[in-house]
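So the structure is just underneath, and the comments pick up after that.
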Amino acid sequence: MILILGGTTEGRKAVQVVESAGKPYYYSTVGSEQAIEAAHAIRLTGGMEEEEMARFCREKEISLLVDAAHPFAIRLHRTLAKVSSRLRIPVVRLERQYPERDKRLIWCADYAAAIDRLRADGIRNLLALTGVKTIAKLRPYWEQTPCWFRILDRKESLSLAESDGFPKERLVFFHEGEDEKGLLERLHPDAVLTKESGESGYFREKVEAAGACGIPVYVIQRPLLPDSFTFVQGVEGLRKAIERLAPGFFPLRSGFTTGTCATAAAKAALVALLSRREQTASCITLPSGEKTTLPVAATEWVDNAALCTVVKDSGDDPDVTNGCSVIARIELQAGQSPAPAFLFRGGEGVGTVTLPGLGLEIGGPAINATPRRLICGELTAVLEENGLSGKIKEVVVTISVPGGKELAARTFNPKLGIVGGISIIGTSGIVRPFSNDAFIASIRKEAEVAKAIGCSRLVINSGAKSERFLKGYLSERFSEELPPQMFVHYGNFIGETLKIAAELQFDEVVMGIMIGKAVKLAEGALDTHSKKVVMNKAFLKELAGKAGCKQESVQKIDSLTLARELWELFNETEQQSFFPLLLQKCREHCAPLLPDGKLSVLLISESGEIAFQS
């Protein structure tokens, strides 16, 4: 069981992550104000001291603690560290993202240091944005010097401020979406005091507003957290940490894309080239802005270049590239330049683009836009950190995947016009196991290629078997040559595929379907996955009755195990009425998704014949 200590924006993020496992967990907050959307959370309220938390963890068999509390909840962090040490329960800290500390701000180690500095600087009309719980900590200052305090517009906050004896007329209330600059212009404070609360604590907005008004900002530095915690910065990092520290909580492990692996390898290779030190890990920023660290398997120096290898871990996704080595080779060309030119090259196992529609240069390496952008960003940052800005003319990035040519034969690459290897891909940087989004994205990419090479007709089918049957039939029906890019697999996503075809404005869509999916589609299931919909015998019996089938045949439907048995159940006359009606129902559900195009639905028999068509 997992216990989350929340009450913050990070708490909500933690809930978002663990909810996807579909298992119960505990979510603890000091108060009851925070609302969360959770189906599996067991809510706890009220703070726990060490003994109470240790007892709770033993009784409820807690195996992992997730610290998603406020960074200034110092007592809680200490309690977690003590309980973790006593019971040997790991703690994952879901940390906020903090901007780099601005030297123009006045940084204070704690509240006592802030009071001393404010007095030394002669600040009198202070606006404190540190929260109602800090009124008591700043008492020595505001009892002697005029001060404004902004607090949440809650009854509990006002009661706490009054109990601490702070003048009610010097309180202002925080409202979501409030213009920080407007407040400063109204109060005209001599200075602002805030906490280093990170991006989710509106730290940047406060600092920018004060800067625009020419008001100095004093900042209480965030307290150090225990070194024993495992630190993650976002939802992907939290999931990976839970997968590692609480194995089995998620039914399937997530992984990283080839693009993420290539980015980590490229950064490690540049660091190795500049430092001449072997690399064992590479920390990079995902497209979401979250940082993640990947292990580096090997480092090598060749001539004026360095190479690093990252082994791809796809988690539990059935990805053909799982376990393959992604190697980045980095070579620098010195020269005066405001910004270096990045030259991407495909090494062994990385495919070459031969068709339009992918957004990549024909003849260039199949390294997609997002990985290229991430690699450029990481390498530029490394060059700047090493004082090489303006001194490097070119950065040559060569990505290789040994064995990629053989792996590519098991992917959609040949149909996309990518030859000789795999693609370096990934828009999120993360491989989510059995990802529906990834499959739909591949459908879109295939359709875009078909459109780019001039296809006005799209032929969609469930897989390789039905595609083979369709090609034989359509090659006889149409006089023109049918390019392989015209044929797209919809898998189970019939509705999504038709929406994509409509969006790309194909004039005609020919859909091949076999009986197993047809009986589901006829009832309206545009996603035919067996986990979502099964053959409905009552529906089929009703349809058979409308088709005029004999009552004896209708009743036999109850004994069916597989949909393909329908081919043997009806006699020839019944087939001529039942199957066209089945296809008509399929078309009724599909046609509205393709309002401006022609749609044909072809029912494929088990032997591969086009038995019926709408």
Side-chain angles (χ1 to χ4, degrees), residues 3-11 13-14 28-30 47-51 53-54 57 64-118 128-138 140-141 192-204 206-207 217-235 237-238 240-242 244-245 281 283 285 289-293 385:
L3 169 61
I4 300 172
L5 292 306
T8 59
T9 300
E10 288 68 38
K13 290 180 179 179
S28 174
T29 56
V30 174
M48 288 189 280
E49 297 298 333
E50 180 184 346
E51 291 302 325
M53 185 179 291
C57 289
L64 181 65
L65 296 162
V66 177
D67 181 0
H70 197 281
F72 282 80
I74 299 173
R75 177 182 288 185
L76 174 59
H77 302 318
R78 289 173 179 168
T79 299
L80 284 171
K82 291 176 181 178
V83 171
S84 170
S85 178
R86 283 176 58 179
L87 303 183
R88 298 184 181 277
I89 301 174
V91 179
V92 178
R93 168 62 184 173
L94 180 53
E95 189 62 294
R96 297 183 173 187
Q97 294 188 20
Y98 297 94
E100 187 175 347
R101 285 180 177 170
D102 190 336
K103 295 180 180 179
R104 294 171 296 180
L105 307 181
I106 303 162
W107 296 89
C108 307
D110 53 30
Y111 289 95
I115 290 172
D116 291 342
R117 185 62 187 268
L118 289 166
L129 304 176
T130 48
V132 69
K133 293 181 181 179
T134 66
I135 288 178
K137 295 178 180 180
L138 290 168
Y141 178 79
V192 167
L193 177 67
T194 188
K195 295 184 292 190
E196 188 182 11
S197 55
E199 292 186 3
S200 59
Y202 301 100
F203 178 78
R204 191 188 304 273
K206 297 170 187 174
V207 170
V217 179
Y218 292 73
V219 186
I220 308 294
Q221 296 178 19
R222 68 183 187 275
L224 294 176
L225 293 167
D227 293 335
S228 59
F229 290 6
T230 295
F231 290 84
V232 298
Q233 219 186 35
V235 294
L238 178 59
K240 295 295 289 184
I242 293 174
R244 180 170 59 86
L245 298 171
C283 179
T285 303
E290 178 182 340
K291 292 186 182 297
T292 191
T293 300
E385 291 167 7

Do R96 side-chain atoms and E10 backbone N/O form a donor-acceptor pair below 3.5 Å?
no
M48 side chain reached by V83 side chain, heavy atoms, under 4.5 Å
no
Sequence neighbours left out, what passes side chain to side chain contact (heavy atoms under 4.5 Å, CB included) with Q233? Give chain and number order.
Q97, E290, K291
Which heavy atom of A114 sits nearest to which heavy atom of I220, and what is that distance?
CB-CD1, 3.4 Å
Is the NZ or CZ atom of R222 positioned over Y98's six-membered ring, under 6.0 angstrom from the centre and within 45° of the axis?
yes
Carefully, step by step, assess L193 and C108 under the rule side-chain contact (heavy atoms from CB on, under 4.5 Å).
CA-CA 10 Å; L193 177 67; C108 307; 5.5 Å; no
In short, S84 meets I89 closest at the heavy-atom pair OG-O, 2.6 Å
Quick one: does K195's side chain have a donor or acceptor within less than 3.5 Å of a partner on T130's backbone?
yes
Pairwise ring pair (Phe, Tyr, Trp, His ring centres under 6.0 Å) hits with a residue in residues 67-95, at least two apart:
H70-F72
Only counting residues at least two apart or in another chain, list the ones meeting side-chain hydrogen bond (donor to acceptor under 3.5 Å, both in side chains) with D102.
R104
Is any side-chain heavy atom of R101 closer than 4.5 Å to one of V219?
no
Taking only residues two or more places apart in sequence, or in another chain, which ones meet T79 in a side-chain hydrogen bond (donor to acceptor under 3.5 Å, both in side chains)?
none
Pairwise salt bridge (charged side-chain N to carboxylate O under 4.0 Å, His left out) hits with a residue in residues 80-89, at least two apart:
E50-R86, E51-R86
Heavy-atom closest contact (T293 atom, C283 atom, distance):
OG1-CB, 3.6 Å
Close side-chain approach of L64 to V92, heavy-atom, < 4.5 Å
yes
What residues form a side chain to side chain contact (heavy atoms under 4.5 Å, CB included) with I74, not counting sequence neighbours?
R78, P223
Does the side chain of P99 reach to within under 4.5 Å of the side chain of V207, using non-hydrogen atoms?
no
Would you check if L80 and R93 make a side-chain contact, meaning some heavy-atom pair closer than 4.5 Å?
no
Does G237 offer a backbone N or O that forms a donor-acceptor pair with the side chain of T292 under 3.5 Å?
no
May I ask you to test the I106-R117 pair for a side-chain heavy-atom distance under 4.5 Å?
yes
L238 side chain reached by K13 side chain, heavy atoms, under 4.5 Å
no
